[in-house]
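Reckoned from all heavy atoms, side chains included, excluding hydrogens, waters and symmetry mates. Here the structure is a predicted model, which means the values were calculated and not measured. Whatever order the structure lists ligands and atoms in, that order sets their numbers, starting from 1. The first residue in the sequence is number 1, and the count goes up from there.
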Amino acid sequence: PQRIVVRDLASRLGVSAAELIKQLMRQNVMATITQEIPFEVAAAVAERFGFTVQRPKSSEERFLEELQQAARQPAQLVPRPPVVTIMGHVDHGKTTLLDVIRQTRVAAQEYGGITQHIGAYQVETQGRLITFLDTPGHEAFTAMRARGAQVTDIAVLVVAADDGVMPQTIEAINHARAAEVPIIVAINKIDKPTANPDRVKQQLSEHGLVPEEWGGETVMVPVSALRKEGIDELLEMILLVADLRELRAPVDRPASGIVVEAQLDRGRGPVATVLIKEGVLKVGDPVIVGAVPGRVRALMDDKGQQRQEAGPSTPIVVLGLQDVPQPGDLLMVTPDEETARRIAEERAQRQRAEQLRPTARMTLESLSRMA
Ligand code: GTP
Ligand code: MG
């Protein structure tokens, strides 16, 4: 549909091929009667003959329109677990805190003790689920962390009671504010002799986070991830803040979710951890993830258990993608595999076009610099 033979275009326009070729020549296009010309050229020449041309809709446009239509139908909303992002300065104890919450020991296994990826896990507390995202604390991953905040309902800001507010603490506050996400502060490492929780509260107040006991609105919980103190209080506060937000999601929709991490696994191929936003993702669903098409071959939860489906706020490992998507990419279930494949092609084409542009500009700039 993107190209048309000159002869066919002439007959559709109701003009002779000779007339059409002459008009094409006036537009500096040399074409023979049997040659194919691109849509843009055909459209321009058709307009010369007094036609108005409608661009054929892309597969993606048609797909998105159908989704929008479906979204207008009243949805069946169900309560969903809160998605919590742990943020904070390097070494303030994000991973250790999450470990304690999960009762596992990820930090000890991590290379160099620095989190290299965003992990997503679900924990159960008081019979209710909370989804946690462990965002990287290193400065190099600031962009990824910014994306982490977008899928988040609540930010837990970890501040070490000995270190106090640091540059990445302030960055985290700004990310959470930009995403309009409520902040709960975990004042960590209160076991340390040099810990000074009041100084942390003072510093945070200067950045607009005033603790409740000082007349403000920010929940601050003193904890020691190392000694497993204050953890139950922290979880309770998370549920409390979550309840104020009445978190719900439609389930009777084609599923969608956000990629939080993805890599190529030697045995299993591309593997993506996806946080489900809406709907219920099922084994066998055709999907488009960013520019990557696929069909869900298997689903695995954060405990490594195979699952047949995953609903809102569930972090789930998806197998069956044709390539490795990017963190932050949106996963969407499509009506069929063909639609997913065509959307993927269109998006890949657009990405290639966008990648070419800055290079061309740079070349021009360096040329003019040379002149
Ligand atoms: P990055 O991922 O590198 O940003 O660090 P992080 O914020 O995840 O910190 P991590 O959990 O790796 O902890 C950093 C160091 O602080 C480790 O040596 C922990 O053992 C220590 N630590 C974490 N929590 C506590 C705490 O409550 N008390 C004390 N004393 N040390 C802690
Ligand atoms: Mg960490």
Discussion item. Side chain, backbone, both or neither: which applies to Asp191 and ligand 1 if a contact is any heavy-atom pair less than 4.0 Å apart?
Written reply: side chain

Worksheet item: the Mg ion (ligand 2) to Thr95: any N/O/S contact under 2.8 Å?
Response: yes

Discussion item. Quick check: Val223 and ligand 1, any N/O pair under 3.5 Å apart?
Written reply: no

Discussion item. Consider salt bridge (charged side-chain N to carboxylate O under 4.0 Å, His left out). Of Arg342, Arg341, Arg350, which one does Glu60 pass it with?
Written reply: Arg350

Worksheet item: Among Thr96, Val90, Asp99, Thr95, whose heavy atom sits nearest atom 13 (O) of ligand 1?
Response: Thr96

Worksheet item: N/O of Arg227 under 3.5 Å from N/O of ligand 1, yes or no?
Response: no

Discussion item. Below a 4.0 angstrom heavy-atom separation, can you tell me which part of Lys189, side chain or backbone, both or neither, approaches ligand 1?
Written reply: both

Item to complete: Mind checking whether Leu226 contacts ligand 1 via backbone (N, CA, C, O), side chain (CB onward), both or neither, at a 4.0 Å heavy-atom cut-off?
Response: both

Fill in: Neighbour count >12 (heavy atoms, 6.0 Å) for atom CZ, Arg245
yes

Item to complete: Ignoring angles and geometry beyond distance, decide whether Leu97 reaches within less than 3.5 Å of ligand 1 through its nitrogen or oxygen atoms.
Response: no

Worksheet item: Would the number of heavy atoms belonging to other residues, nucleotides or ligands and lying under 6.0 Å from CD of Glu246 be above 12?
Response: no

Practice prompt. Would you indicate whether Glu61, at its atom CD, is surrounded by more than 12 heavy atoms from other residues, nucleotides or ligands within a distance under 6.0 Å?
Written response: yes

Worksheet item: More than 12 heavy atoms of other residues, nucleotides or ligands under 6.0 Å from CD of Glu212: is that the case?
Response: yes

Discussion item. With side chain to side chain donor-acceptor pair (under 3.5 Å) as the criterion, how do His92 and Asp163 come out once you've worked through the C-alpha distance, each side chain's angles and the decisive distance to 0.1 Å?
Written reply: CA-CA 8 Å; His92 278 200; Asp163 241 9; 3.1 Å; yes

Practice prompt. State whether the number of non-hydrogen atoms from other residues, nucleotides or ligands found under 6.0 Å of Arg248 atom CZ is greater than 12.
Written response: yes

Worksheet entry | Which of the ligand 1 atoms, numbered from 1, are nearer than 4.0 Å to a heavy atom of Lys192 | 30 (N)

